[in-house]
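What follows is a single structure, written as structure tokens, with notes after it.
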Amino acid sequence: MVEGKFKSRTYRRVKTRIPGGKTVTHYSKRKLSVPKCAVCKETLKGIKTMTAKTLKQACKSEKKTNRPFGGYLCSTCARKVAKNIARQ
Amino acid sequence: MLNLGRVCVKTAGRDANLKCVIIEEIDENFVMIDGLTRRKRCNKLHLEPTKDTLDVKKGASHEDVVKAFKSDLNIEIIKKGEAKAEAAKPVKAKKGHDKMLANQKEAAKEDKTEKKAKPAKKAVKKEKTAEAGEEAAAKEAKPKKTRAKKEKTE
């Protein structure tokens with residue numbers, strides 16, 4: 001019988017061929033998604049990847065950087081916003 | 001462009017998108033700034049100049065910079081603690097709130113007029129109590145029914 005924890009969809013089912021010739025299902029954990037910039041889609045720095053439950057329990061410094069648009073835009077995209085403000 | 005007195009906007013760091021003034025030039029690459037940001041050394045590449053300038057001397061103090069911002073650009077520089085206290089004041093408007101305030105004001109006005117008139121009335125009241133004492137003595141002799149009528153008329 002399958003273990004109870006492997007029935008959830010956070011585990012991926014992988015069919016592998018063992019040296020005896022059989023095909024067997026193995027279970028591997030999926031990788032969590034990474035936070036990205038809203039404009040240029042680069043990975044943001046200084047932010048950890050977490051599940052929704054641990055996000056609620058985490059502190060502010062683990063979820064964002066201490067900068068305007070921190071956790072939403074990367075540093076280069078945020079500098080472009082400041083330039084537009086100055087040029088108005 | 002990045003000369004003494006030039007107003008700039010800071011692009012990098014935790015105080016980005018804030019305006020500042022150049023006070024002193026330290027190096028080819030570095031400059032001293034003050035204003036809405038902290039008073040610190042800053043790289044020229046992290047500043048974006050605007051078209052405004054201020055009359056500021058070299059190495060000016062923080063108070064002089066605050067005065068210059070207010071006189072030329074109408075920007076007030078407030079300390080953080082004071083800004084929070086001002087922001088906590090606004091009150092939400094509710095239905096019937098204006099009526100309640102108006103009634104409270106009227107009640108307050110009536111209290112004030114009573115308070116002013118009270119010290120003048122005290123002398124008059126003493127005379128009345130002497131008269132009332134005589135009347136009370138006369139009332140006690142009469143039966144109760146007539147007394148109730150008399151109290152209503154008075």
Side-chain angles (χ1 to χ4, degrees), chain A residues 5-6 8-12 14 27-88, chain B residues 1-25 29-56 65 68-70 72-81 83-84 87:
Chain A
K5 67 177 182 181
F6 289 133
S8 87
R9 285 277 144 197
T10 55
Y11 286 94
R12 179 182 278 125
V14 179
Y27 296 92
S28 66
K29 209 165 183 182
R30 289 182 209 259
K31 283 186 193 173
L32 296 170
S33 67
V34 140
K36 291 175 189 164
C37 175
V39 171
C40 59
K41 315 296 179 195
E42 281 183 5
T43 54
L44 293 172
K45 290 163 196 170
I47 302 171
K48 297 185 179 177
T49 59
M50 288 185 268
T51 55
K53 184 186 170 187
T54 46
L55 263 179
K56 275 190 202 175
Q57 297 166 352
C59 60
K60 268 197 254 178
S61 61
E62 293 174 350
K63 297 186 249 181
K64 63 166 191 174
T65 50
N66 264 331
R67 201 201 300 135
F69 302 104
Y72 186 69
L73 296 181
C74 62
S75 58
T76 47
C77 295
R79 287 187 194 190
K80 290 177 188 174
V81 172
K83 278 189 183 178
N84 286 326
I85 288 171
R87 287 176 187 178
Q88 277 177 359
Chain B
M1 276 292 272
L2 294 174
N3 296 322
L4 231 190
R6 173 67 60 179
V7 175
C8 305
V9 172
K10 204 159 182 276
T11 59
R14 69 173 83 180
D15 44 4
N17 303 337
L18 294 178
K19 291 194 177 176
C20 56
V21 170
I22 294 174
I23 297 170
E24 190 184 338
E25 190 173 334
N29 303 323
F30 289 100
V31 137
M32 195 76 175
I33 57 168
D34 196 356
L36 290 164
T37 64
R38 289 185 192 189
R39 191 183 173 92
K40 61 181 289 187
R41 185 183 78 139
C42 181
N43 197 328
K44 286 183 185 179
L45 295 170
H46 299 161
L47 293 173
E48 183 71 24
T50 61
K51 56 187 176 180
D52 300 325
T53 53
L54 295 181
D55 280 332
V56 161
V65 170
F69 262 98
K70 190 158 187 185
D72 293 351
L73 296 173
N74 290 327
I75 293 173
E76 279 195 33
I77 297 175
I78 310 168
K79 284 185 184 177
K80 279 187 181 179
K84 279 183 185 176

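Letters A, B, ... mirror the listed sequences (proteins, then strands); counts begin at 1. Worth saying up front: this structure is predicted, and the values here are computed from it rather than measured.
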(message) Counting only heavy atoms from other residues, nucleotides and ligands, does the tally under 6.0 Å from OH of A/Tyr72 exceed 12?
(response) no
(request) Taking all non-hydrogen atoms of both residues into account, name the closest pair between A/Ala86 and B/Thr50 and its distance. (result) O-CG2, 3.8 Å
(request) Could you tell me which non-hydrogen atom of B/Gly13 sits nearest to which non-hydrogen atom of A/Pro68, and how far apart they are? (result) O-CD, 3.7 Å
(request) Assess whether atom CG of B/Asp52 is packed by more than 12 heavy atoms of other residues, nucleotides or ligands within 6.0 Å. (result) yes
(message) For A/Ala82 versus B/Thr11, what's the shortest heavy-atom pair and its separation?
(response) CB-CA, 3.7 Å
(message) Taking side chain as everything from C-beta outward and backbone as N, CA, C, O, which of these in B/Lys19 sits under 4.5 Å from a heavy atom of chain A? Side chain, backbone, both or neither.
(response) neither
(request) Verify the neighbour count for atom CZ of A/Phe69: are there more than 12 heavy atoms of other residues, nucleotides or ligands below 6.0 Å? (result) no
(message) Between A/Arg79 and B/Glu48, does any NZ, NE, NH1 or NH2 come within less than 4.0 Å of an OD or OE carboxylate oxygen?
(response) no
(message) Looking at B/Arg14, I'd like to know if its CZ atom is crowded, meaning that more than 12 non-hydrogen atoms belonging to other residues, nucleotides or ligands lie closer than 6.0 Å.
(response) no
(message) Measuring from atom CD1 of A/Ile85 to atom CG of B/Leu18, what distance do you get when rounded to the nearest 0.5 angstrom?
(response) 9.0 Å
